[in-house]
Number of protein chains: 2
Amino acid sequence: MATKTELRRQELRDKLIVIAERTIAQNGLSALRARDLAKEAGCAVGAIYNVFGDLTDLTLAVNARTFHRLGADVAEALANAPEDPVEQLIVMAQAYHHFAAQNHQSWRALFDVERAPGEAAPDWYLQEMGRLFRYISDPLAVVFPNRPADELALLTRALFSSVHGIVLLGLDEASAGVSTENIDRMIALVLRQFAANPK
Amino acid sequence: MATKTELRRQELRDKLIVIAERTIAQNGLSALRARDLAKEAGCAVGAIYNVFGDLTDLTLAVNARTFHRLGADVAEALANAPEDPVEQLIVMAQAYHHFAAQNHQSWRALFDVERAPGEAAPDWYLQEMGRLFRYISDPLAVVFPNRPADELALLTRALFSSVHGIVLLGLDEASAGVSTENIDRMIALVLRQFAANPK
DNA sequence: ATCTAAGATTGAACTGCGTTCATTGAGGTA
DNA sequence: TACCTCAATGAACGCAGTTCAATCTTAGAT
């Protein structure tokens, strides 16, 4: 069917994503403006809405890429990690931290995008989240071989959330004294202490 | 000097805080609108700006109250907690969770308010934060009597951040299966495991 | 190749927001 | 009472996201 039209449509879609990605990375989600976007893409403002439902949809497309890059970074860290499961957890958590620090604005956009209340998270989000959770639950199962499955699932989620919290508040107050090294130290302290006495 | 004027000024200030507090609690920070506020307070929109610099200032005034209530709840939980320091940590963390759950929108507003980049957090925030940190570091020092002070400080911050992360992501996905009980379980699991093998 | 209907493209206009400011009105003082 | 100062007012401004009637392009049928 529509070859020429669909092609342009796809081209515009990609172009908008690239521009939005750069804008968010450089100046944050709040710097994403429809008129600027259209000017830079060389199209009319209305054209954006032929390709995306609204700017939130565009942001979600950017977030999908960001999340995927994040997952890849964590996977790479895991691939180069030592055998010891606790060290694997630490290496992955610090990879998460470093990604957040080096892609601060893009990483923030992952959570700052407003979802309609009650609406489920998009599929790619759940998928990528599942990937991250498996990276965590595998070493965790080695550390805690005698824990029931449901408890391991809770621990997995809890550990992810803990690391996320440490990174979130640490980077928030990055100007107020929590250095990168201290965030890494906090992560290692918590995870080592956490796994020090498995049952 | 200005008795009548200053009085009205203070009255309007208080009235606006009360209305904003209720609006945020019921419908979230994004529901706070200058025109609605003025209509409900029976004043002109401009009057708001005689009393607060902008809506962010008003939000900060509401947040100061919210944070104070939060601190009081945690303090009360600690006062009624058993002697055991680990149990104290758990009780406080769960009090934090319950406050966040029961004051979800107000609690979110604590973190969703936009601060100018590079600007320091307000004084009451640092003060209240210090109070919370002391509640944590005291029992922590009992659990880990041999750790150096700087490490205890990092652990304190790390534990707070961890609990915050668990509550944040847990409540975020409250519709997606993380029940209140599971959040409490995650908090207890992490803290118990964390303090299981002090050095 | 031509025609035509479907739909893509356009940008001015609409809506809703925070904030400002010239004007109006009230309060305290001489 | 007269006057000056400053608070109060709400229309207007600037700036967003989004819409839509008008225009143009395209793809398929003839």
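Proteins come first, then strands; the chains are lettered A, B, ... in the order of their sequence lines, and each starts at number 1.
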State which of [options] makes the closest approach to the side chain of [X].
{"X": "Arg33(A)", "options": "dT10(C), dT18(D), dA16(D)", "value": "dA16(D)"}
{"X": "Leu55(B)", "options": "dT10(C), dT18(D), dT19(C)", "value": "dT19(C)"}
{"X": "Tyr49(A)", "options": "dT10(C), dT19(C), dT18(D)", "value": "dT18(D)"}
{"X": "Ala44(A)", "options": "dG11(C), dA16(D), dA11(D)", "value": "dG11(C)"}

Contact class for Leu32(B) (heavy atom, under 4.0 Å): base, sugar-phosphate, or nothing?
-> sugar-phosphate

Distance in angstrom units between [X] [atom1] and [N] [atom2], rounded:
{"X": "Leu58(A)", "N": "dA16(D)", "atom1": "CG", "atom2": "P", "value": "16 Å"}
{"X": "Leu16(A)", "N": "dG17(D)", "atom1": "CG", "atom2": "P", "value": "13 Å"}
{"X": "Leu12(A)", "N": "dT10(C)", "atom1": "CG", "atom2": "P", "value": "9 Å"}
{"X": "Glu114(B)", "N": "dA16(D)", "atom1": "CD", "atom2": "P", "value": "13 Å"}
{"X": "Ile48(A)", "N": "dA8(C)", "atom1": "CD1", "atom2": "P", "value": "16 Å"}
{"X": "Arg13(A)", "N": "dT9(C)", "atom1": "CZ", "atom2": "P", "value": "14 Å"}
{"X": "Lys39(A)", "N": "dC15(D)", "atom1": "NZ", "atom2": "C1'", "value": "14 Å"}
{"X": "Phe52(A)", "N": "dG17(D)", "atom1": "CZ", "atom2": "C1'", "value": "16 Å"}

Between His104(B) and Trp107(B), how do the two ring planes meet: parallel, tilted or perpendicular, split at 30° and 60°?
-> tilted

Salt bridge check: are [X] and [Y] linked by an N-O gap of less than 4.0 Å?
{"X": "Glu128(B)", "Y": "Arg131(B)", "answer": "yes"}
{"X": "Asp172(A)", "Y": "Arg115(B)", "answer": "yes"}
{"X": "Arg192(B)", "Y": "Glu87(B)", "answer": "yes"}

Taking N and O atoms by type only, does the side chain of Arg35(B) place a donor or acceptor under 3.5 Å from a partner on the base of dG18(C)?
-> yes

Has Asn50(A) got a side-chain N or O lying under 4.0 Å from the OP1 or OP2 atom of dT9(C)?
-> yes

Do the side-chain N or O atoms of Arg8(A) get closer than 4.0 angstrom to the phosphate oxygens (OP1, OP2) of dT25(D)?
-> no

State whether the number of non-hydrogen atoms from other residues, nucleotides or ligands found under 6.0 Å of Gln26(A) atom CD is greater than 12.
-> yes

